[in-house]
K.L.:
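Just dropping this structure here.
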2 protein chains.
Amino acid sequence: MEYSLNIKMNEKLFLRNPEQTDLGKKIILFSIQLIHEKGFEDFTFKKLATAIGTTEAGIYRYFENKHKLLIYITAWYWSWLEYRVITYTENILDPVEKLRKAIKFLATSVEDDIRTSYVNESILHQIIISEGSKAYLTKHVNEDNQDQLFKPYKDLCSVIGNYILECNPDYKYPRSLATTIVEMAHIQNFFMQHLPALTDFGKSKSESNILDFLEDLVFHEIKK
Amino acid sequence: MEYSLNIKMNEKLFLRNPEQTDLGKKIILFSIQLIHEKGFEDFTFKKLATAIGTTEAGIYRYFENKHKLLIYITAWYWSWLEYRVITYTENILDPVEKLRKAIKFLATSVEDDIRTSYVNESILHQIIISEGSKAYLTKHVNEDNQDQLFKPYKDLCSVIGNYILECNPDYKYPRSLATTIVEMAHIQNFFMQHLPALTDFGKSKSESNILDFLEDLVFHEIKK
DNA sequence: TATTTATGATAGTATTACTATCTTTGCTTA
DNA sequence: TAAGCAAAGATAGTAATACTATCATAAATA
């Protein structure tokens with residue numbers, strides 16, 4: 001049996017829906033590869049077009065500019081992650097176990113999900129680590145936010161925040177702690193890879209250490 | 001009596017030392033204003049030159065490119081902050097009080113320091129919040145790191161890490177907790193301003209709430 | 001007075017970030 | 001089977017960006 005997983009994306013993110021055509025899917029597939037390879041600053045629609053074997057104008061029919069494309073692929077990632085977190089925790093009754101599992105999904109690398117043919121999730125995870133925050137660290141964040149472009153990120157954080165409240169209904173900072181988990185899962189990973197003196201995981205360079213740190217932090221904080 | 005505070009910057013950050021000439025000081029002063037006004041992506045040496053009343057070529061004599069200039073001003077900020085943290089905590093004996101004071105310096109807005117005529121620290125603080133992480137989130141972070149460009153950031157985190165260890169010598173993650181404090185002090189501030197649903201401070205929008213959250217987090221975590 | 005140093009003035013190039021237009025291909029649907 | 005439409009290809013063009021180079025000039029210094 002074959003599976004396929006479809007994530008409905010906000011229509012303001014694109015001009016033409018990339019999921020509905022061959023070229024569109026290629027744009028997503030190759031842009032993930034190219035952004036990972038060159039970094040977002042050095043990534044251009046010209047280079048993307050050449051890699052795909054189409055023209056610049058072809059890309060512009062799908063995305064207004066490269067920043068919208070970055071928001072698209074990050075938003076896709078957060079939606080996919082929320083889906084995974086929810087499906088893999090729904091049978092767990094103990095809220096502490098649920099939260100533990102969620103943290104694990106955030107802090108651990110993923111393997112390519114075979115149900116999504118035109119997205120390579122393990123590379124996407126690396127992009128989130130290195131480029132993810134550039135999606136919102138702009139002067140037009142307020143307008144983008146009004147267009148709901150960051151909803152998937154907020155939804156994921158909201159799920160984590162609710163798990164935190166299930167563990168301790170009196171805890172005062174469930175949202176801020178949720179974003180702390182999500183952000184630090186990625187920032188600690190980046191620092192571990194590139195600026196190891198800023199972490200305690202420089203020698204082993206293992207994601208399981210980040211996981212241990214985050215669990216330690218979260219469960220000390222919300223302990224009743 | 002007049003005071004002046006001088007911070008020695010890494011020579012690899014510039015081509016000609018901006019602190020030693022009038023034009024150099026103007027470049028720092030105006031670039032801080034302009035980056036804050038336009039955001040880093042929309043900031044160009046052309047616009048900076050026009051604002052100062054000099055030419056593009058004039059700016060290029062001081063800085064290789066706008067990214068080096070960003071690293072320069074962020075590095076300056078971290079050095080200045082480390083200096084403040086150290087001087088204002090050196091007479092405090094209780095390590096918990098010391099750490100508490102340090103967190104306060106990180107999470108609270110500053111007023112313009114009159115001892116540094118060509119740097120506006122309160123605007124610089126906003127730049128750190130919105131643009132700071134772009135200094136290291138690049139494909140050339142490893143080369144920049146080899147050139148010691150991030151040393152001021154590391155030094156500051158190291159100071160905080162040591163205060164953490166003074167509070168609890170057995171604590172396992174002093175470096176990662178230090179970077180968590182520094183990063184989250186700024187990220188929570190950005191979210192509070194622009195994506196308030198991601199924090200618990202959306203209504204009041206007050207920095208003192210961020211401070212309370214960070215203290216709560218840190219002292220629960222390192223409690224013996 | 002000679003010389004170095006900083007700045008100004010001007011010009012030029014490759015690349016980026018688009019926009020516009022016209023043609024072709026291939027798939028519906030009457 | 002023909003007409004019609006949507007997607008994609010081909011090509012061109014523009015303003016801005018990110019530089020590099022050169023030559024002149026003014027001020028500081030030796």
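Predicted model only: the values in this text are computed from it and were never measured. Here is the naming used below: chain letters follow the sequence lines, and residue numbers restart at 1 for every chain.
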K.L.:
Judged by atom type as modelled, is there a donor-acceptor pair below 3.5 Å linking the side chain of B:Lys205 to the main-chain atoms of B:Pro196?
P.N.:
no
K.L.:
Give a yes or no on whether B:Lys139 atom NZ has more than 12 heavy-atom contacts from other residues, nucleotides or ligands under 6.0 Å away.
P.N.:
yes
K.L.:
Which of parallel (below 30°), tilted (30 to 60°) and perpendicular (above 60°) describes B:Phe63 and B:Phe14?
P.N.:
perpendicular
K.L.:
What I'd like to find out is whether the side chain of B:Thr89 reaches to under 4.5 Å of the side chain of B:Val159, using heavy atoms alone.
P.N.:
no
K.L.:
Under a 4.0 Å heavy-atom cut-off, which of residues 31-48 of chain B touch DNA chain C?
P.N.:
none
K.L.:
Among B:Tyr77, B:Trp78, B:Tyr88, which residue meets the ring-ring contact (aromatic ring centres under 6.0 Å, His included) test with B:Phe105?
P.N.:
B:Tyr88
K.L.:
Between B:Glu56 (CD) and D:dA21 (P), how many Å, whole number?
P.N.:
14 Å
K.L.:
Is it true that a side-chain atom of A:Lys26 and a backbone atom of A:Thr21 form a donor plus acceptor pair closer than 3.5 Å?
P.N.:
no
K.L.:
Look at atom CD of B:Gln146 and say whether more than 12 heavy atoms of other residues, nucleotides or ligands are closer to it than 6.0 Å.
P.N.:
no
K.L.:
Ignoring hydrogens and angles, tell me if any N or O in the side chain of A:Ser158 forms a donor-acceptor pair with the backbone of A:Lys154 under 3.5 Å.
P.N.:
no
K.L.:
Return the residues of residues 13-23 of chain B meeting this criterion: a heavy atom under 4.0 Å from some atom of DNA chain C. Order them by number, or give none.
P.N.:
B:Arg16, B:Thr21, B:Leu23
K.L.:
Using a cut-off of less than 4.0 Å, is there contact between a side-chain N or O of A:Thr54 and OP1 or OP2 of D:dG9?
P.N.:
yes
K.L.:
I'd like to know if the side chain of B:Arg175 reaches the main chain of A:Ala197, judged simply by a donor and an acceptor atom lying under 3.5 Å from each other, with no hydrogens or angles considered.
P.N.:
yes
K.L.:
Is A:Leu5 close to A:Trp80 at the side-chain level, that is, under 4.5 Å between some pair of heavy atoms?
P.N.:
yes
K.L.:
For residues 64-71 of chain A, please give each side-chain donor-acceptor pair under 3.5 Å, one per line with the distance, not counting sequence neighbours.
P.N.:
from: A:Glu64; atom 1: OE1; to: A:Lys68; atom 2: NZ; distance (Å): 3.0
from: A:Asn65; atom 1: OD1; to: A:His67; atom 2: N; distance (Å): 3.1
from: A:Asn65; atom 1: OD1; to: A:Lys68; atom 2: N; distance (Å): 2.9
from: A:Lys66; atom 1: NZ; to: A:Phe40; atom 2: O; distance (Å): 2.9
from: A:Lys66; atom 1: NZ; to: A:Glu41; atom 2: O; distance (Å): 3.2
from: A:Lys66; atom 1: NZ; to: A:Phe43; atom 2: O; distance (Å): 2.9
from: A:His67; atom 1: NE2; to: A:Lys134; atom 2: O; distance (Å): 3.3
from: A:His67; atom 1: NE2; to: A:Ala135; atom 2: O; distance (Å): 3.3

K.L.:
Please check: side-chain N/O of A:Ser130 versus main-chain N/O of A:Ile127, any donor-acceptor pairing under 3.5 Å?
P.N.:
no
K.L.:
Could you pull out the protein-nucleic contacts involving nucleotides 26-29 of chain D (nitrogen or oxygen on both sides, under 3.5 Å)?
P.N.:
none

K.L.:
Give every donor-acceptor pair under 3.5 Å between a side-chain atom in residues 184-192 of chain A and any protein atom, sequence neighbours left out.
P.N.:
from: A:His186; atom 1: ND1; to: A:Val182; atom 2: O; distance (Å): 2.7
from: A:Gln188; atom 1: OE1; to: B:Ser176; atom 2: OG; distance (Å): 2.8
from: A:Gln188; atom 1: NE2; to: B:Ser176; atom 2: O; distance (Å): 3.2
from: A:Gln188; atom 1: NE2; to: B:Thr179; atom 2: OG1; distance (Å): 2.9
from: A:Asn189; atom 1: OD1; to: A:Gln193; atom 2: NE2; distance (Å): 2.7
from: A:Asn189; atom 1: ND2; to: A:Glu207; atom 2: OE2; distance (Å): 3.3

K.L.:
In residues 59-72 of chain A, which ones come under 4.0 Å of DNA chain D, going by heavy atoms?
P.N.:
A:Arg61, A:Tyr62
